[in-house]
Amino acid sequence: MYIIVEGKNDRSRLRRLLKEDIKIECTFGTLNALKLEKLRKQIGHDEVYLFMDNDPAGKKIRGVLRDTFPDAVHMYTRRGYAGVEGTPDEYLVAQLEKAGLEEYIIYPILY
């Protein structure tokens with residue numbers, strides 16, 4: 001099972017909330033044919049989730065990945081948050097739950 005995000009800060013933000021069973025891969029902001037092929041081979045037929053920023057760059061990357069992984073589950077940040085890395089834990093957890101990933105979530109202690 002994989003979640004694809006844009007950058008390493010997005011990955012580290014989600015890593016704190018997810019068990020190691022979930023692999024988190026980064027596009028590092030750009031996608032070319034070589035990167036796409038590498039991702040496609042690495043992921044194979046595993047389940048894929050796309051969690052991109054809600055900005056023009058994130059939407060563009062999501063569009064490319066949608067073509068490569070047509071069965072992927074899409075998760076979204078709220079407009080106004082500074083991308084996945086700037087999204088509050090409560091909202092990230094809600095999106096992970098909405099995607100059906102409850103059993104993999106490491107719930108943060110909220111004060």
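Note that the structure is a prediction, hence the values are computed from the model and not measured.
Taking every heavy atom of both residues into account, Phe51 and Val84 meet most closely at O-CG2, 3.7 Å. Here the closest heavy-atom approach between residue Thr77 and residue Met52 is recorded as OG1-O, 4.1 Å. Shortest non-hydrogen contact noted between Glu37 and Arg40 is OE2-NH2, 2.6 Å. Among all heavy-atom pairs drawn from Ala72 and Leu50, the shortest one is CB-CG, 3.8 Å.
Using a 4.5 Å cut-off between side-chain heavy atoms of Ile, Leu, Val, Met, Phe, Trp and Tyr, Ile106 forms no hydrophobic cluster with any other residue.
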Please walk me through it: do Leu101 and Val73 pass side-chain contact (heavy atoms from CB on, under 4.5 Å)?
CA-CA 11 Å; Leu101 297 172; Val73 175; over 6 Å; no
Does the side-chain contact (heavy atoms from CB on, under 4.5 Å) test come out yes or no for Lys98 and Met75, once each step is laid out?
CA-CA 8 Å; Lys98 188 175 175 183; Met75 297 186 291; over 6 Å; no
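Taking the side chain as every heavy atom from C-beta outward, Thr87 and Arg78 never approach each other to under 4.5 Å. The shortest distance between side-chain heavy atoms of Leu96 and Tyr104 does not fall below 4.5 Å.
Applying the ring-ring contact (aromatic ring centres under 6.0 Å, His included) criterion to Tyr76, with sequence neighbours excluded, gives no partner residue. For the side chain to side chain contact (heavy atoms under 4.5 Å, CB included) test, residues two or more places apart in sequence or in another chain that qualify with Asn32 are Leu34, Lys35. For Glu97, the side chain to side chain contact (heavy atoms under 4.5 Å, CB included) partners are Val93, Glu102, Ile105, Tyr107, not counting sequence neighbours. Evaluation of the side chain to side chain contact (heavy atoms under 4.5 Å, CB included) rule for Asp46 yields Tyr2, Ile43 as partners, not counting sequence neighbours.
Note: the hydrophobic cluster containing Val48 also contains Leu39 (ILVMFWY, side chain heavy atoms under 4.5 Å, direct or indirect links).
At least one donor-acceptor pair under 3.5 Å links the side chain of Arg15 to the backbone N or O of Lys19.
In this structure, CD1 in Ile61 is found 4.0 Å from OG1 in Thr27, a value given to the nearest 0.5 Å. Note: Leu17 CG to Gln95 CD = 12.5 Å, rounded to the nearest 0.5 Å. For the atom pair CG (Leu18) and CE (Met1), the distance works out to 10.0 Å, reported to the nearest 0.5 Å. Here the straight-line distance linking atom CG of Leu31 with atom NZ of Lys38 works out to 12.0 Å at 0.5 Å rounding.
The neighbour count for Arg79 CZ, taken as heavy atoms of other residues, nucleotides or ligands under 6.0 Å away, does not exceed 12.
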Return a table of donor-acceptor pairs under 3.5 angstrom between the side chains of residues 3-11 and protein atoms on other chains or two or more places apart.
residue : atom : partner : partner atom : Å
Glu6    : OE2  : Asp53   : N            : 2.8
Asp10   : OD1  : Glu85   : N            : 3.0
Asp10   : OD2  : Gly7    : N            : 3.3

